[in-house]
**Student:** 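The following block contains the structure, expressed as structure tokens.
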Amino acid sequence: MQIIQQIYKALYKEYGPQGWWPLIDYKGNNPTKTGSIKGYHPGDYNLPETQNQRFEICIGSILTQNTGWVNTERALTNLKKLHSLAPTPLMILQDDELKLAIKPTGYFNQKAKKIRGFTEFYITLNDRTPTREELLSIWGIGKETADSILLYAFKIPTFVIDAYTRRIFSNLGLIEKNAEYDKIKSLFENNLKPNLIVYQEYHALIVEHAKRHYSKKTEHILCPLYQKFVKWANFLII
DNA sequence: AACCAGGACGTGA
DNA sequence: TCACGTCATGGT
């Protein structure tokens, strides 16, 4: 399926490098300023370069579950101000303080529990890279979160699937609407070399493309990829 | 003023 | 396995 590669090239050509995963704790950033959205680092593939950055990506991937990034950034910034965006300090933090800090992301009761459970496991890792199965065994870590952690925090070329991916590629007719996560994942991994940069960029590009063309109220048929890659598009577009 | 966001889990069929 | 319901804040 050459088309999986062609779509990647088209997206990259259109939007360029996305600089994922964004970090509030990054050179030049001011972690005390909320809502800045300046953590993207296009073209810099050497991140994370510190343990704190790696941990920040993990916690961010949990906090951003079904939540906009602006709110996630607020929560991360709150934790940073409390000097608690690191494993041991976070475990010492009181429950009410933790919940207050992450409140902007919603689901703060569940997410506090998820973060604690993950951090407890993270500490036992001692710098080792976790397996996908280990991550999935933690309460609150599902497939997308596990893959995000592996791809962006631990630099393992494993493809991340999200709701946007499902929307775009089912619209293009390349998968079924309700296709299983692992089935969609295989579609990408079977048609791409396991290249870390490509995997990181592709997922980020999908999110960017979906934000522009796949908001639930927009007409998906107007998606530029549609015209370009679906051979029977002319038949469908009246 | 509904509707949705870079999901995951629990439950009953 | 499948189809819902629940969790919760902030932006548009």
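All values reported here derive from a predicted model rather than from experimental measurement. Below, chains carry the letters A, B, ... as their sequence lines are ordered, and counting in each starts from 1.
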**Student:** Could you check whether Trp20(A) gets within reach of a base, just the sugar-phosphate, or nothing at all, counting any heavy atom under 4.0 Å?
**Tutor:**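 If one applies the 4.0 Å heavy-atom cut-off, Trp20(A) turns out to touch a base.
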**Student:** Please measure how far the C1' atom in dA2(B) lies from the corresponding atom in dA8(C), and state the result in whole Å.
**Tutor:**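 After rounding to an integer number of Å, I get 16 Å for this pair.
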**Student:** Lys99(A) has an atom NZ; how far is it from atom P of dC7(C), in whole Å?
**Tutor:**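 Lys99(A) atom NZ is separated from dC7(C) atom P by 13 Å.
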**Student:** Are a donor atom and an acceptor atom from the side chains of Gln51(A) and Asp127(A) found within less than 3.5 Å of each other?
**Tutor:**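 Present: a donor and an acceptor within the cut-off.
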**Student:** By nearest atom, which of the nucleotides dT9(C), dG10(B), dG7(B) is closest to the Trp139(A) side chain?
**Tutor:**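 The closest nucleotide is dG10(B).
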**Student:** Among residues at least two apart in sequence or on other chains, which ones pass salt bridge (Lys or Arg N to Asp or Glu O under 4.0 Å) with Lys183(A)?
**Tutor:**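 Lys183(A) satisfies salt bridge (Lys or Arg N to Asp or Glu O under 4.0 Å) with Glu176(A) once adjacent residues are dropped.
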**Student:** Starting from C1' on dG11(C), measure out to CG on Asn66(A) and report it in whole angstrom.
**Tutor:**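 Atom-to-atom, Asn66(A) to dG11(C), this comes out as 14 Å.
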**Student:** With sequence neighbours excluded, tell me which residues meet side chain to side chain contact (heavy atoms under 4.5 Å, CB included) with His209(A).
**Tutor:**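 Residues passing side chain to side chain contact (heavy atoms under 4.5 Å, CB included) with His209(A): Leu11(A), Tyr15(A), Ile168(A), His213(A), Tyr214(A), Cys223(A), Pro224(A), Leu225(A).
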**Student:** Where along residues 106-114 of chain A does a heavy atom come under 4.0 Å from DNA chain C, residue by residue in number order?
**Tutor:**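 Within this stretch, Gly106(A), Tyr107(A), Phe108(A), Asn109(A), Gln110(A) sit under 4.0 Å of the strand.
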**Student:** Let me know the distance between CG of Leu63(A) and P of dG10(C), rounded to the nearest Å.
**Tutor:**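 So the two atoms are 14 Å apart, to the nearest Å.
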**Student:** For Trp69(A) and dT9(C), what is the distance between atoms CH2 and C1' respectively, to the nearest whole Å?
**Tutor:**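 Rounded to whole Å, this separation is 16 Å.
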**Student:** Under 4.5 Å between side-chain heavy atoms, chaining through other members, with only Ile, Leu, Val, Met, Phe, Trp and Tyr counted: pull out the rest of the cluster around Ile92(A), sorted by chain and number.
**Tutor:**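 Members other than Ile92(A) - counting any ILVMFWY side chain reachable under 4.5 Å - there are none.
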**Student:** Only counting residues at least two apart or in another chain, list the ones meeting side chain to side chain contact (heavy atoms under 4.5 Å, CB included) with Pro22(A).
**Tutor:**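 Pro22(A) satisfies side chain to side chain contact (heavy atoms under 4.5 Å, CB included) with Trp20(A), Tyr40(A), Trp69(A) only.
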**Student:** Could you pull out all residues at least two apart from Phe159(A) that satisfy ring-ring contact (aromatic ring centres under 6.0 Å, His included)?
**Tutor:**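 With sequence neighbours excluded, Phe159(A) shows a ring-ring contact (aromatic ring centres under 6.0 Å, His included) to Phe188(A), Tyr199(A), Tyr202(A), given in chain and number order.
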**Student:** Under 5.5 Å between ring centres and under 30° between planes: true for Tyr164(A) and the base of dG6(B)?
**Tutor:**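 Check failed, Tyr164(A) does not stack on base of dG6(B).
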**Student:** Give a yes or no on whether Phe229(A) and Tyr226(A) share a hydrophobic cluster (residues Ile, Leu, Val, Met, Phe, Trp, Tyr; joining criterion: side-chain heavy atoms under 4.5 Å apart).
**Tutor:**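 Yes, same cluster.
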**Student:** Using whole Å, report how far NZ of Lys183(A) lies from P of dT1(C).
**Tutor:**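 The distance from NZ of Lys183(A) to P of dT1(C) comes to 13 Å, rounded to the nearest Å.
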**Student:** With rounding to the closest Å, how many angstrom separate the P atoms on dC3(B) and dG5(C)?
**Tutor:**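 Rounded to whole Å, the distance is 15 Å.
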**Student:** Hey, does Leu136(A) reach any base, or is it just sugar-phosphate, or nothing, if we go heavy atoms under 4.0 Å?
**Tutor:**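 No contact.
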**Student:** What is the separation between atom CZ on Arg74(A) and atom C1' on dG10(C), rounded to the nearest whole Å?
**Tutor:**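 Rounded to the whole Å, the gap is 7 Å.
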**Student:** Which nucleotide in the set dA5(B), dG10(C), dG6(B) lies at the smallest distance from any side-chain heavy atom of Glu144(A)?
**Tutor:**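 Minimum distance to the Glu144(A) side chain belongs to dG6(B).
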**Student:** Is Thr145(A) near enough to dA8(B) that one of its side-chain N or O atoms lies under 4.0 angstrom from OP1 or OP2?
**Tutor:**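 Checking dA8(B) against Thr145(A), a side-chain N or O does come within under 4.0 Å of OP1 or OP2.
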**Student:** To the nearest Å, how far apart are Ile102(A) CD1 and dA5(B) P?
**Tutor:**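 Computing the Ile102(A):CD1 to dA5(B):P distance gives 21 Å.
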**Student:** Distance only, no hydrogens: is a donor on one side chain within 3.5 Å (strictly under) of an acceptor on the other, for Thr129(A) and Lys155(A)?
**Tutor:**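 Absent: no donor and acceptor within the cut-off.
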**Student:** Just how far, in rounded Å, is P of dA8(B) from CG of Asp182(A)?
**Tutor:**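 The distance from CG of Asp182(A) to P of dA8(B) comes to 12 Å, rounded to the nearest Å.
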**Student:** Reckon Arg167(A) has a side-chain N or O less than 4.0 Å from the OP1 or OP2 of dA5(B)?
**Tutor:**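 For dA5(B), OP1 or OP2 has a side-chain N or O of Arg167(A) closer than 4.0 Å.
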**Student:** Assuming nearest nucleotide by heavy-atom distance, tell me which of Ile141(A) and Asn71(A) is located more 5' along DNA chain B.
**Tutor:**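 Nearer the 5' end of the strand: Asn71(A).
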**Student:** In whole angstrom, give me the gap between the C1' atoms of dA1(B) and dT12(C).
**Tutor:**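 So the two C1' atoms sit 11 Å from each other.
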**Student:** Pick the P atom in dG6(B) and in dT6(C), then give their distance to the nearest Å.
**Tutor:**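 It comes out at 23 Å once rounded to the nearest Å.
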